[in-house]
Structures are given as structure tokens and as C-alpha cells.
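Convention: sequence-line order gives letters A, B, ...; per-chain numbering from 1. These numbers were taken from a predicted model, which means no experiment stands behind them.
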Amino acid sequence: MLRDWTKYRTTHPTGDLNKDHPEYKWAMAIDLDACTGCNACVVACYAENNLPVVGKKKFLHGQVMHWIRIERYWNDEDIDIPHQGAQFMPMLCQQCEAAPCETVCPVGATNHTPDGLNSQVYNRCIGSRYCSSNCPYKVRYFNWYNYPEQENAWPDPLPMQLNPDLTVRTKGIMEKCTFCVQRLYEAKSKARTEGRLVKDGEVTTACAQSCPTGAITFGNLVDPYSKVGKMWRQQRVDLSKDVQDKDRDGNPEGIRGYRVLEELRAYPSIMYLERVRDTQA
Amino acid sequence: MNDFNKEEKDIRDDIAWAQINKDVLQSIEKPRAAFWYLFAFAGTLFAIGVGCEIYQYQVGLGVANFDNPHMWGLYIASFIFWIGMSHSGTLLSAILHIIHADWRKPIYRFAEAMTTFSLMTAGLFVIVHLGRLWQVYYALPYPNERWAWPNFQSPLLWDATAIFTYLTSSMLFLYVGAIPDFAICRDNAEGWRKNFYTVLALGWMGTDRQWRNFRVSYMTIACFLIPLAVSVHSIVASDFAMSQQPGWHITSFPPYFVAGALYSGCAAIITLFIMLRHTFRFEEYMTMPILDKIARLTFAIAMVWTYLNFIEYASVWYGDDMFAKQVLIQKATGPYSPFWWAMNFLGSVLPFTLLFKKIRSNLTAMLIISLLLNLGMWLERWMIVAPTFSHGYYPWTIDHDQWPSFVQWGIVLGSFGWFGLLFMLFCKLVPSVSMYEVKEMVYHRTLGRKHLAQLREA
Amino acid sequence: MSNINRRDFLKVLGWGGASLTVAGCGYTSIESGVETVESYVQPQDFVVPGIGIYYASTCTQCEGGCGVHGRVREGRILKMEGSPETPNRGRLCGLGQASVQHHYNPDRLKEPLLRQGGTLQPTTWDNATALLVEKTKGVGDKFAFLTGPLSGHLRVLMQNYVESLGSKNHFIYDPLAIKVNRSVSEQMYGVAVPCYHIDQAQLVVSFGADFLDTWLSPVHFSTQYADFRKANDSKARGVLVQIEPKMTVTGANADRWIPIRPGTEGVFALGLANALLQDPAYIKNVPSSVTAAVRGYDKTRVSQETGVSGEVFDRLLALLRARTPSLILSGPSAEGHAHGAQNAAAIMLLNFVLGNVGKTVTAPAKVPFPQMAPADGDTVALNTFNEGLAQGRFQTVFMYDVNPVYTAPEFLKLRDNLKKAGFKVLFTHYRDETAEEADLVLPLDSALEDWGTHIAAYQPEGVTITMQQPLMERLYPEGTRSLGDLLLELLKRRSPEEYKKWPDYYSYLQDALTKNKSAFKDSAADDGLFWYQTLSHGVLNVAAVKEQHLSAAPGALNVNLPGTAASDQEFPFQLVPSIRSGFRDGRHANLPWMQETPDTMTTIVWDSWVEIHPKTAERMGIREGDILEISSKNGSVKTQAYLFPGIQPDTVAVPLGQGHEAMGRYAKGVGVNPFKILNPVFEKTTGELARYATRVKVSKTDDRVTVVKDEGWSPGMINTQLDRKIVATMAADKVKLFREE
Amino acid sequence: MLILSPLKRNCRYDISAPDSERGARRGKNLTRFLCIVRGPLFVHLFAVSLLYVGSSVFGISVAVAGNKVEQPIEFPHDIHAAKMGINCMYCHTYARRSLVSGIPPLQKCIGCHQSIPSVRDKPRIKKLFEYWDKKEPIPFKKVHDEPEFVRFNHERHIQRFYFWQKRPVQEVCGFCHGDVKTFTVAEKVMPLTMGWCNSCHQKDHLINNTSSETGHGPHDCWDCHK
Amino acid sequence: MSTLRVLGLFNDFDAASDAIRELCSANLPTLNVDNITIKSPIEHPDVESLLGTRPAPTRRYTLIGAILGASLGFTFIASSQGNWFAQMKGGKPIIPFPPDFVLTYELMIMWGVYVTVLAFLVCAGLPARMKSSLYNSKISEDQIGVMVKAEKNCIDEVKKIFQRHNALKIEEEIVERRRRER
């Protein structure tokens, strides 16, 4: 321990991406101008990640379990007749580099993986729910009930659809979007056997794969040739900044990239591209 | 000098030491009937709580009607409340002990007991609130076959450590302070009680050697307890202050919490003071002047709390944290507003009634006021926890109508029952007035009078 | 797990057992000798336990006909992904994803049911098939077959079967048919379903065509939409204008959403045409007759008839002038009126005026196999079928892929008429409303267990035949059967020598396709290889498709649009029975995922609702969650109110698909069914049911409920971002353009 | 917790039981103890000083590790692995390609055994062919059954230690599965607890047999937990 | 010559202290100040001071305990954070000082208190078996006892002194035999 003391004293993000994450840093770019709010990603997530269907009564109590949700806001200006349509927002775990949820977990059930993911170990969780109360985006979902057993969320033969690559979570456990870590794991393992790194486009999340307009781009930020990396650089969004340089002077050249609630200094790994509306129309 | 005579005495100094033993020891044998009514009442409440907990345990936390934004509820609020309660015990027994305010002597014993038991209650809430409480041992730092340690960065873990320290220390403090009284009980009791007290008294004989070390160590522990008590509630405060949520992320939280703690504690002491005075016929020892002193103390602390409270509001209002400001506004105008205003009224306005001698010397009035103050303090804790959840950073999950279900209320009630049971059992087994210290008090008063007489002659 | 036949199921797919327990039931610690693990008896060499395999197939959830890849693990189909080789370009919508839940649905029928003594009793397949043969003996024209839209070889077999019985009564019914659009395009363009090139348009003006969510081929259009929206320095970002009474998902994504008085879309379109045709640049695009016909639809008249302000009208006009090529689409809400065809014609006319025809509207490739070509349904079929029943002309009735008892409006009295038929057979997956009326209910294989070929009605890129193949073993091998096999068997009974060479539907398909494999692009010489390729790709592209040309015939248009209906005192509101992409005509209502997924616009789940404009609601003193009674001349429904700004103030909208009385645990008793209260208004030229022409009155009841929805805040609050930067919006002219990499 | 634990039992999906239960079921406490005392010096001291805590928590008992499992066919590993010297991966063919090593398909057994007439009349072989004729899988019982929230990847370990380090296969597989040469039916001899895995994961191993470069197993929760 | 123990019970502290003063001043042979013990219902520093300064060393142990708690606490926390399982949390260092100081502080107090209590018991000779018969339940009530251990010859003198200061009760026991057995 004393030998490499400095290793234990570093903080993230250091500003040098390759130093923080030598191999992988999974990240997303979501184009809000392409997102039509069709909910394909939501269903894909249910299918991939064994999310329980909670039913009307529990939904009423706000106990729904969707890891990714489509939010619909209205414009404050034309509230009577929304001439510019609605505003859609796919909100999922932002996999923050400095995640507020990680530090507060009493048992360390949620940590930061070398791939820059915000891991959640279901088995370790004791359900203090501190992580969720500290999450600015409120994208962590808690198993208020024993859905598989007592609530019978999967009557036979529906359990046959369950994905064996993840557990079915029981009551009292916090869960959240994992960037489909089971897919990432498979791809990494395959690449490793072939003695290489995962190539761009080789693996993607369920939501990104299903999105009909391809609004969601997923990839490895460290990989210089990855699409997502290009987009981040193009939009001049720096993972390790809480105020982007382009925004300091009011973003005159109109670059669309931004991150939600960036000023909270959680350094989220999901970049959104601003929705566009034509003022002539 | 003259006013020393005029001032009515907080204890009769001609009261015989043997009498003290008699009075106190009888409290252990035969209290008034009221005691048993209270005991039954506490039992019922506790039973309700247990029922709710079993239900919640089997079905899941959903039955408490939590949801995505509202992750915590009454459990955490009550947790803070009980931690707060515990502080006044330390205040009376340790702080006043160090500054040699000897009017504390008749009442500090039960205050100290209150500390211990309210800490036990608070500890229960931590567990009740867990989603998988059967896994709580994951949070214990013991070497295990998983090779996984708890996360020492989490304020919750600091809580656990601090509370454990506080609980054990104040228990030891309570016990050490009671050893001479156990000796008295030993010398006067028969039957199983004799053996019981013999064990507890550890063969105390009141030799000068014992007294000497007793004095020193007791003082030392007292010195430890004071910073400990302060740190405990600061850490509880940091559960919130160290998080990122609007309305929680406030620098002035730790002192604010400590003040609130002492406040609710003093109020609780008044309540219990009056109850014990009645049920155990302690009119001789828990005298009105002492009550008067506590009342004044309470008022002082109430003012401190009010001040810090307004500091908090002001810092939010004049700060540029839009989110926190929205929470504050929503507290004052949203669905929580009745509770919020009630809390401010009970916490800051009601104490002014304590300015009036008439009220201070009226037991019924004091009982009611102290209960109301406690209610106010409990509301304060709730108003810290709930509104932030209902109006956090993220607009989509902002949700103003989620109220605790009967399960939460039931368990909160149960906690009062649990506390009541423990406390009353204690009073039944341990002299709730420290006999030897009352003797000291009387003795010193006698000396004081002698000394005065000599002065007069001269 | 399903004890019914897990054992046999495992015989072939051994590892299923182990991984089921792994997925389903968590064991708590390191076990030894507790779980059973079953190995394969004879594994295929490409099967490795723990590694998923993808099989290509076709999604049958809607008429889009997207290709899919199904992920199979240890013999269980786990997830559907889009196939990159079909027009959906590797994408798949939520409804497509949910097809696995049709397959694993707990309420699927597991055995044939026969009505005995008034109730449906389980029976055997032999018994059932025997009955089918007996009841169809010499029925001739007294036989009717009501089906949903069909294509591919199933359609061939179906026709052969109906013909073999000597009947002409094959009715193809689609409750959400866009027949009007097709017939008008037939007149105007010369083809029923032209190709629309959204991605090449600079401006898309859609009159209620919800092409992003429900219209024709949503996923394909979404992929086009993505390109359409992309701005780079070679191409400007396309602008979308949506004109409709109730905001659809497409409307929600429009740069300009224009609420219009229902039914007056045609007037608006003609107004635009008229204004454009003042400009010589456009006059040459259309014959003078048209110019004459549209004269008189001036701005003032248009705006007072449609309720759209002149200012908005001018903006749109300017856009149309500025941005070419553009694309004008006519959708259901414009066509679902008595004069729907004329609305559609008027709207399509704009494409001619603006010279889009041939640019953004082109002709599709012709399907070389007419007998396999998609047979799209309409509602006229239901009417005629219903009349037939009413007159007792039908003695034996077969029904497949339809639920008329649920989808037919009340005024048709279909439920009663159905009783007049002697013997009613339903081929289905669920015990739905129609099943409750049928005499024999035959459970079919799920779409993931069955073979088939499909040709989508909308063919954007050449002609593609998509293969449907089983993604896993039958869940209920004894219980369910493939309709193809069944038809073949029935046909064999009638003409054995013709059909005996095909033991089952699979061999029939293989034979049929392999025979004319020459017709397909780069198909292997070797039959086996060809078949292997076909299955592994799941799609066949028809080679050398015959080029068609649009017969530009706007002259066919004869416009005499009615003025606005005099305001109806008794029924002041126009009802929009909106389509939810998750439910369509209600056939998907028993999918838990679809019920749990919030509606995009209202975020409401597990229920129906009536959308009403906040201003109107305020006027009538309606709060969110009030139970309103929506009553037309032909009935009424009661459901909760939702204050929705995206709707024209004199209009209320109730979504279709809910309100089932049967079908399954998730669908039954949830919400209301607005199909029932539709008025008998029919489109004049086509005779289609005018779905959007029903007028209703809204009355408040005393009940009130909390609306179950995903959006937060307090009830009735219009959900905004509270000055936080959650969804940021930028003006199109400010956006920095990047060259596509 | 003790009062409540009986209630807990009826929750089948709970994905981790108290260690006391595990320990009670079968003790591998020696190894557990080793797990404790490795690592930082202070942890060592602490472990010794707090051993009684440990013992109370994961109930030390002297039960021998591993227990015989009743199998439908007593597969003689000793004959196949020791006498015949067959490579483990000849039968457990999925181990190098997938997370699971897999019970060999029935076909595999038959493939050889139908050409070995000498043992055809042995009872076990008779049974085997009965299953084959019925085309039924043999309902073997899992011997090494990790909890379902654990993702143990055979491929990775085989790749690393067999293909890259070129260690003998018996040693590689045997590290976790014990010396199968001595078993008929396989037995669980190693604890397979998290601490046991860690005890190896924190060591530095050679990357391959050519270079002297070392590296240790992943420290990422999500590599083993799912 | 045998040694005896004498216990005199007095009504109040004045009498007791006078008696002690006289005992000391009477400079009897074989009577050592250290052999005088006071047994009282309440603590009374003034009287004890008559017997000269006697040590109360618990504070020393307290200090040791506190230091031990702090140092071991920090080492334990840091090393368990630094063991292999450690992963970065919220971008914070794996061994972050602020939280560790909080915990160290708590552990310091914890050990401080525990050790103090232990020290008290040890120094005060508790728990003690009350083998000496020279204890009277009156002591725990309101009487002050002065116990003197001395040789036989001056015991009578001691008794006299006690009586002179009107002791309410005088008890004595022989410790000689016990010593011989040892």
C-alpha cells in the first residue's frame, strides 16, 4: 500500500482521459433533434434487462422500474398552443465520472469501474437508498416489492424470456441503467481472446440498437476512431470540465453539445445534442 | 447575600440522608398507579410498531409508500429526532457536571438514561429503514470471507460508528455514575434484588481510594462525552450536508442540528421530569426551582435554534442557488406548508411562553408546552427530509403528493412505545434519582449555610 | 417454469433447464448437487451454451414488415433486434420488441376450444379438423372467410382454399385501413402506395400522417427522418410542418405544429394551392382546370373555415416557396371524413403544384408475383361481411387475424349478426371478444414459432420478400398449430393429388421459393445453398423489378369541399379516436410492456383517457382526472380527463386499443373502446368508415381519479422544465454545421 | 436479524443469504481463515484479534469441504482423466469458448463408447445407452454451482492459464475443481467463495509463458457480479 | 504481636476529620497514615486531604487509550480501504483523509472512554469481594467510617481517640492470622 501510495490518492477526472481509463471509457451521445419520443428504447431496455412490469397500482405510487424513461416537457412560451411541438428527453443513468451516488453507499455496493461505468452490485446492496437520494437525475430505481416472487411480475411462461446474463432483482435492492454491461462484458471477453480491444460498433446498448432514428450513439470514448469520441470532440464537450469552454462566452458558433445539470460537477458520461427548431416555420 | 435567603431553595437542606435513601428506594418498590397505565400504553404502541414492521418486512418497503423521488420518509426523520433527544442527557450530566451546576444532581440520572434509550431507538430506525435489513451485517467492518469492507466514505457509516461510540460511552457513564447508588440498593434490598444489586455494585464500599478514582474517571469520561455528543449530531447533519441535494447541502447544518438536538432534548426532559415527579412521588427532589432552571435553559437553547434556523433560511434566500431557493419556497407554499409553518411556530414562538413565571411554575402547562415543543422539533426533522425529495434537482421526478402510509406512522408510534418501555423498566430497576449526589448537594448546602452564619457573626 | 411440456422442450434444448433456473430463481449460495443441469443430446455444432445465436425472421406486429434478428439462448428466444438488411436498417420499434411477449404470453390459448352447450370446452385437434372438413362440405358461397391483411404464400393458400370451397367471400378487413389514401393515390399518381422520400425533402408538410409512429412503415420513415433532420454544409436541415387536430408523435416533433378544425384540411390545402398558383412558376405544373378549380379558396375564407390564422398560413406559404423539393403527406385525420377522398386529393394536389412528383414522391417497384402481392384490408369488407351475416347468407364463417366484435362500431350490431351464422371458426392466439362469440376457436402458433413469407405493403427499396421462420420450438407442441399447415391439410382433403407433394407448410415454402429462385437477386445456383442463404438472411430481394412511372393525373381531381359544418349544439365536439403505436387496433393490448410503457404524449399508462384542451377544460370546469362521459349518437364511454395543450380546442381525443372485455389479464377491463361510439359516417367515394367524423358531447360526472402517468408535478400542472437546462433548444439558423464524417 | 431470519427464508429470490447460513451448510473455514489473514498487515492483526467475531458470523465448523453428490450415472473421472489421460476439454468442450464449461453432450459419450465393445455390458454404460435410445439428456446434478449473481467465465481462465501460460490442463482446471483424477463423481473441494476468488485475483500472474510480464485478475465488481 | 483493624463510625465529617487529625498528631508507634482508610457515603476531598496525597492515576491510561484508538483506528481504516477490493468512488481518492479523520476521531473517543473505565475499575480495585467484615450498611447511608490498621499495642489508644470523638460504633477484626497463613 505504501509502495504505490499515490495510486490511492488520485482523484477523478484528472483531465487526462487516457490516464483515467487506459482501455475503455464507455459514453453516449444522444441527439435530441433526432429523438422522436417513440419509446422503442424503453421497451428494448425492459426486454434486455429483466425489468419487472409493476402494474397500474404501483405505477400510481411512482414505483415504476424503467431504467430509461422518455420525458415530455412543454415549452413555457406557447403553453396554450405548443406550436413548436413537445420536448422529448431520454433520461437514463448518466454514469457520472464523479458520481454522487458512489461515495455515500455505506457498503460500497456502487463503485466506479475501470471502464468509467458506475457499477451497481445487486448482491451487495442492503437498500439504504442513500445513493438514490443523492442522485441529481433520480435515475436509480428501487425494488420496493418482491416482484419476481410475491408480486408475480412474470407469470409462466414469461420467465422464459428473462435474460440469463443478469440476475432478477429481488425486493430491497437498488438498480439502475448499466449501459448493458452484460453486452460489454461479452464483447470485451471476445476481444481479449483475440488479443485486441473492442472495436467501435462491435457492441452497443439495447436502447441505442433499437432507436429507430439512431439518436443514441454509444461507444468507447478512449478509442480515437469511435463515433462517439468524434462527436464529443466535435461538440467540444470535455468530460472533465464542469463548464465547457464554448459556453464560457455564450456559445456563439452554436455548438449543440451539452450535458444535463453539468454545473453539479458530477461529470456525466452522456452528452446531449440540443433539440433544433426552425424559427422560420 | 440576603437574596440567598430569599431565593426559594431548589432542595431542602435539612432533609436527612437516611430519608433520601428511603424516598428513592421506595420509588423502585411501589410507584403510583399512573406508572402502570403509562407502561401499558407504551406496550400497546410498541406492539403496533412491531406489527407494521413485520408486514413491511414480508411485503417490502413499498407498503410504506415510498417511491422514486421520495426515497426516505418518516424513518430517517424520526431517526434524527431520537438522536437529538439523546443530547440533553449529556448536556445535563456532562456539561453541567463540569461547570459544577449542582442543581443537575437530582435529575441527571434519568436524563442520562434518556440518552441511552433514545439512542437505542434511533439505532432501530436505521435498521427498519433498510431494504434488506437481514443483510445489515454487510455494513459492519469485520474481516469476512467476502473480503469486502464497508465504504468508509459514506456518512452513514460515520453515523454508525459515532452512534455506537456514543451509545456505549454514555451507557458506561451512566453505569459508573450509578455504582455508589447500587451499593446503597445492595445494602437495603432483599431477595433476588439483593444479588442483582450486589453484582452491579461491584463491591463498592465507599473507601477513599474508590471515591478518589471515581471522581477523576467520572470527570474524564464527562470531558470525552461533550465533544462526542457534538460530533455525533454533526455527523448526522453531514448525512444531509455532505449530500448534493437542494435544501440539504447547507454549511450551517451541523450547528443547526446540534442546537435542535439540545432543544428537543430539554423539552423531553421537562416532560419526563413531570411524569417521574408524579409517578414516583419525587416532589422533594424534583422541585419547582429545578424545573424553573430547565425551563430557562430550554428557552435559551430555543433562541439559539431560532437564530440558526433563520440563518439557514437567509443563506438560501440570499444565495444564488436557484434549486435550494425553489425548495424553500415550496416548503412555505407547497403541500408541506402547514407542517412547515407549524414547525416554525412551535419552535420559535411557543418558547416565549416560558418567559412567564406563572407558566413556568404550572406543571400542566409545562407538560403541554414541552410536548408541543417536541412535536415542533419532530416536524422540523420531517421538514428537513421530505420536501427536498419532493422537489429535487430534476423536474420530471418532482412529485408533490406522496404521503407516508399507515405503516410508516405505525412504526414511528412504535418507536415511542419502545422508548417508553425501556425507560420505565429502567426507572423500576435503577434509582432514577442519584442518591449519593443528592446527599452531596444537601451537604454542600448545609456547609454553605454554616459558612454564611460564620460570616454573619464576623 | 411451464410444467406443461418443459420436459419435452428440454429434450432437444437441454441447457434451457439450467439457464432458466439461473435467470429465474436466484440461488443464495454456492450449491452442490441441488440444481439439475441437462446437456444436449445431439447439439448442432454452432450451438454453444452461454452464447446467444441470432436467427433472421420478420416482425408481424404491424404492416411495416420489418426484418428482425431474434436472439436465441439455450433454445429460448430472448430478444428481437432489427435486421440491417431490410428497410428498417437494423432498427426496431417498441411494438416489435414486444412480440416476444405475444409468444410467451400467459394468456395464450393452449388448446382448441369448441362450443358445447353454450360454453367453450377444450377439444382435440383431430376433432377440430374433422369439424372444419365437415362444416365446409359443399358450403359453396355460404362460406365466408374474414381475415386481416395478407401477403406472401399464406395469401396464396388462403385464396386457393376459399376458391376450392367454391366461395368468393374472402373479406380482408383492417380496422385502421388507409384505403382512402390508397384509392386517391391510385387516381392521382396511378399507384396505390407510392414511395415517399422524406430524407430527400427540404420541407415535409404532413396533414395528420403520423409517419413516425403509426403510419405505413414507421421504423423505415424514422430512419429517413433521421437523415431528413441532419444538417451539414452540403444539405440544409429539413423542416417538418404538421397540420392536424390532435398532436401526434410526428406533430410533437414538428418545427411547426398547426392545430386545424377537423375535416377542413382539404380547404387549407386548396388555399395553399390557390395562393401558390398565383405564381407563374407553379402554374405550369398543373392543368389550367385545376387553377380554376382552386380559385376562390382565398386566405380569409381558408382561415375562417379552418381556424388557422392568416399569419400562420403565410409563414407556411413562404416555407413552401423557399424550400424545394418538399413533400406533402395526407394522413388518416384528413381522410377520415365523408369528404375524405377530396381532402386527400386536395392535399396530394399540392405535390403536383410544387413539382414534387417524381422527386420526393416516386413510383414503387411492381411485385412480380401478383398472387403473393400484399392484400391490404379496408372497412368496406367488414360492412359487406356484416350485411351478409345480417341476411343470414353465411352458414360457415372463418375468421383469422381479426377481432371484429371488438373493432366493429356499435351501430353495425355485428355481435348479434354473428349469431345468425351457422358455424363460426376463429383462428387466433387469445380468447378475445370474437372468440367468445365463435363456435370453434383454434389456437395458432405464435409469430415466433411459425413459418411464412411476407411482402410489406410499403416497398421503399425495390421489392423485398421477408422470410418468417421459427425462433424457437413450439411452446405447446400439442396445443398450437401453424395456419399454413392447417390450410395445406384442408386443401389436401379437397384435392390430394395437387398438394400431396408437400408434407407441410415449410416444405411448401421451400419448394415454392426454390423453384423461382431465379427471380431473386444474387441467389446461389445450388438449391440447398440458396435455401440456406434465404434463411440466414431472412430476406429475398426481387431482381430486375419492373420500373413503374407515376401517371401524373391531377386533372382527375374534382373539388367541391363542404364549408365548415354549422356548429352543432347538441354534439359540440369532434372526436379523434387516436391511434397508439403500442396497441394499434387493440390486438396488442395484452402485452404487459405495451401497457406499462407510457404513452408518448400524455405519459399515461394502463388506462384510457380523453384529451381536452386546458382552455376548454377551464371553461367547463374540468380538472385532470375528472371522469368524463363522451357520448355520440351511438353510445358513450366514460374515462378520465387529461388536460392536453396539443389539441384543437373544439376537439377531444380518446385513444384506441383499450377497453377489452376479454383477451387476457393485462387487457381485460382496462380503459374504454372508442370504436364502439363511432357514427355511421362513410367516405363518399370509397365507402370507407369515416373514423374522424364522429361528433360527441362531453359531460362531467361526479367521479374523479388520480391519473396514472409517468410525468411528475402535481395533477393538472403543465409539465415544464422549471428554468433548468434539461432539454435545450436551439434555433436552426444558429446551429453550427459539421461535415458528415 | 435472528428473529427475522425465519421470515426471510420464504424469499426465494433473495440473492444472498447470511454467511452464517452458508457456513452452517458446509464449512470451508480453514480457507476462509486464510483469506482473512492474507492482505495488509493490520488486517492480519485485526483478523486474529477479532477471530471470535468472525467465527460467530460465519459459524466455524469442522465439516470437511465438499460432499458426495448422487448422480444418475456414476461417471468415473478417475478412469477417463487418469487411466485414459483424456484432456478435460475433450469432453468439456465449451469451457474454452464460453462462460459455462458445459456437461458434454450425450453424443460425445456414445461417439467413443459405441466403438468400445469391451465395456458395453458394464451397468453404467448400459444406463448410458438407455438414455441415448430414449434421446433423453442425463439429469446430472450440478456440483460446482456458483450463485446466480456470479459470472464466472471459464473461457477467460482457460485462455489465460492454459493457452497463454501453457500450464498443464489438469492443473488449470484442477485449481478450482480439485484433482479429478482421484474422483469418480466430481466433488466440490474448493470453497468457491468470494474471498477465495480474491485470494487468487489479487496475486500477480505471468501474462504468458514467453514474457516475464505479470498482471492480476480484474478488480472490477462487474467482472464477477451480474 | 498481632495486627488488628478497627472501624469507627462517626455521625458527620467534622467528627471524623477531628478523629483523623488526632490520630495523626498522636504519633503512635506502628501507626502509619497509609493504614487509615475512610469509608463515606459521599466523596469528600477535604477529609481525604488529611491523609496526605494519594495517587489517582487513571488519566494516564486514558491518554494511552486515546492515542491507541486514534492510531490503530486510522491504520485499520486506511489499510482496509487500500486492500485490493478498493475501487474509486465518486472520483474521490481511495484513501480520503476527511472521512478517515472523522472516523479516527470517533475511535479515539471510543477507546479513550473504554480504557478510562477499565482504568477506573483497576485503580479502584473493583470488582472487589467484600471479604472484610468491617463494613456497615450505615456507611452507604449517612455515617462516615474511619478504619485503622495497627499493631495490637496501640489499638486501644486508637479506640480511645475514637470514643473521645464520640464514635457511634467501633468494630474490630484481627488480620494477623490471615497474614500468617499467607
Side-chain angles (χ1 to χ4, degrees), chain A residues 32-34 36-40 42-44 46-48 53 56 59-60 64 69-70 72-74 76 79-87 89 155-164 167-168 170 209-214 230 234 253-256 258 260 274-281, chain C residues 1-2 19 22-24 26 73 76 78-79 81 91-94 97-98 100 104 106 212-213 219 222-223 225-226 229 239 241 249 251-257 259 319 475 592-593 596-597 600 603 605-606 645-646 706 708 718-721 726-732 734-736 738 741:
Chain A
L32 293 181
D33 195 34
T36 64
C38 70
N39 273 319
V42 178
V43 183
Y46 270 82
E48 175 75 20
V53 168
K56 187 175 184 180
F59 205 115
L60 169 64
V64 60
R69 58 177 187 247
I70 297 290
R72 192 267 300 112
Y73 298 106
W74 294 110
D76 306 16
I79 199 79
D80 291 346
I81 303 164
H83 282 301
Q84 291 204 332
Q87 306 167 328
M89 177 74 167
D156 287 343
L158 270 176
M160 286 181 157
Q161 187 271 332
L162 293 171
N163 186 351
T167 34
V168 177
T170 180
Q209 185 166 10
S210 68
C211 178
T213 56
K230 285 199 189 104
Q234 199 175 52
E253 68 265 63
I255 298 173
R256 288 162 59 210
Y258 73 103
V260 175
E274 292 191 23
R275 161 178 174 273
V276 181
R277 282 296 176 263
D278 197 311
T279 41
Q280 265 67 34
Chain C
M1 312 284 96
S2 61
S19 49
V22 167
R73 190 80 193 253
R76 297 177 295 135
L78 297 180
K79 191 167 187 306
E81 309 287 4
R91 309 302 187 174
L92 195 60
C93 69
Q97 305 267 353
V100 286
Y104 290 122
L212 288 177
D213 211 30
V219 180
S222 297
T223 57
Y225 171 83
R229 283 302 205 189
V239 174
V241 177
V249 170
N253 288 284
D255 296 85
R256 188 76 177 177
W257 176 76
L319 270 181
L475 276 177
W593 287 345
E596 184 103 339
T597 310
T600 306
T603 75
V605 295
W606 289 101
T706 320
V708 183
I718 300 299
N719 198 298
T720 65
Q721 301 179 35
I726 306 298
V727 185
T729 306
M730 193 178 277
K734 300 231 176 358
V735 176
K736 181 168 163 54
F738 294 106
E741 298 184 25

Evaluate side chain to side chain donor-acceptor pair (under 3.5 Å) for A:R275 paired with C:T729, printing each intermediate quantity in order. CA-CA 5 Å; A:R275 161 178 174 273; C:T729 306; 2.6 Å; yes

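- Atom OG1 in A:T279 sits 12.5 Å away from atom CE in C:M730 (nearest 0.5 Å).
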Step by step, work out the side chain to side chain contact (heavy atoms under 4.5 Å, CB included) result for C:V239 and A:Q280. CA-CA 9 Å; C:V239 174; A:Q280 265 67 34; over 6 Å; no

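- Comparing A:R69, A:E253, A:Q209 by heavy-atom pairs within less than 4.5 Å of chain C, the highest count is held by A:Q209.
- Of all the listed residues (C:A254, C:P259, C:G251), the one sharing the greatest number of non-hydrogen pairs under 4.5 Å with chain A is C:A254.
- In terms of heavy-atom proximity, C:Y225 sits nearest to A:D33 at OH-O, 3.8 Å.
- The backbone N or O of A:R277 sits nowhere less than 3.5 Å from a side-chain atom of C:D255 that would complete a donor-acceptor pair.
- The closest side-chain heavy-atom distance from A:L32 to C:V727 is below 4.5 Å.
- Between the A:H83 side chain and the C:R256 main chain, no donor and acceptor come within less than 3.5 Å of each other.
- Closest non-hydrogen pair, C:A98 versus A:V43, comes out as N-CG1, 4.4 Å.
- C:T600 contributes a side-chain N or O that, together with a main-chain N or O of A:G37, makes up a donor-acceptor pair within less than 3.5 Å.
- The NZ atom of C:K79 sits 9.5 Å away from the CD atom of A:Q161 when rounded to the nearest 0.5 Å.
- For A:A44, the parts lying under 4.5 angstrom from a heavy atom of chain C are both the backbone and the side chain.
- Among all heavy-atom pairs drawn from A:I255 and C:K736, the shortest one is CG1-CD, 3.7 Å.
- The contact between A:Y46 and chain C is made by backbone and side chain atoms together, counting heavy-atom distances below 4.5 Å.
- With chain C as partner, the option from A:I70, A:L60, A:V64 having the largest number of non-hydrogen pairs under 4.5 angstrom is A:L60.
- Of the atoms belonging to C:N253, heavy atoms from both backbone and side chain fall under 4.5 Å from chain A.
- Between A:F59 and C:E596, some side-chain heavy-atom pair lies under the 4.5 Å cut-off.
- Listed for the C:R91 side chain is a donor-acceptor partner under 3.5 Å among the backbone atoms of A:C211.
- A 4.5 Å side-chain heavy-atom check between A:R256 and C:V735 finds at least one atom pair inside the cut-off.
- Here the straight-line distance linking atom SG of A:C38 with atom CG of C:L212 works out to 8.5 Å at 0.5 Å rounding.
- Taking C:K734, C:R229, C:Q721 one by one and counting their heavy-atom pairs under 4.5 Å with chain A, the maximum is reached by C:Q721.
- In plain terms, the two heavy atoms of C:R76 and A:P164 that are nearest each other are NH2-CG, 3.4 Å.
- With chain C as the partner, the residue from A:V260, A:I81, A:V53, A:T213 showing the most heavy-atom pairs under 4.5 Å is A:V53.
- Here C:A728 is the residue among C:A728, C:A252, C:G646, C:C93 with the most heavy-atom pairs under 4.5 Å with chain A.
- Taking CG from A:N39 and OG1 from C:T597, the interatomic distance works out to 6.0 Å, rounded to the nearest 0.5 Å.
- Put simply, the side chain of C:Y104 never gets that close to the backbone of A:P159: no donor and acceptor are under 3.5 Å apart.
- Inter-residue side-chain proximity for C:P645 and A:D80 is flagged as unmet; no heavy-atom pair is nearer than 4.5 Å.
- Residues A:N163 and C:L78 share a closest heavy-atom pair of OD1-CD1, 4.2 Å.
- Rounding to the nearest 0.5 Å gives a distance of 5.5 Å between CD1 of C:I726 and OH of A:Y73.
- Smallest separation of non-hydrogen atoms from C:P106 and A:P155: CG-CG, 3.7 Å.
- From C:R73, atom CZ reaches atom CE of A:M160 across 14.5 Å, with rounding to the nearest 0.5 Å.
- By number of non-hydrogen pairs under 4.5 angstrom with chain C, the leading residue of A:P82, A:A86, A:A34 is A:P82.
- Residue A:I79 touches chain C through both its backbone and its side chain, counting heavy-atom pairs closer than 4.5 Å.
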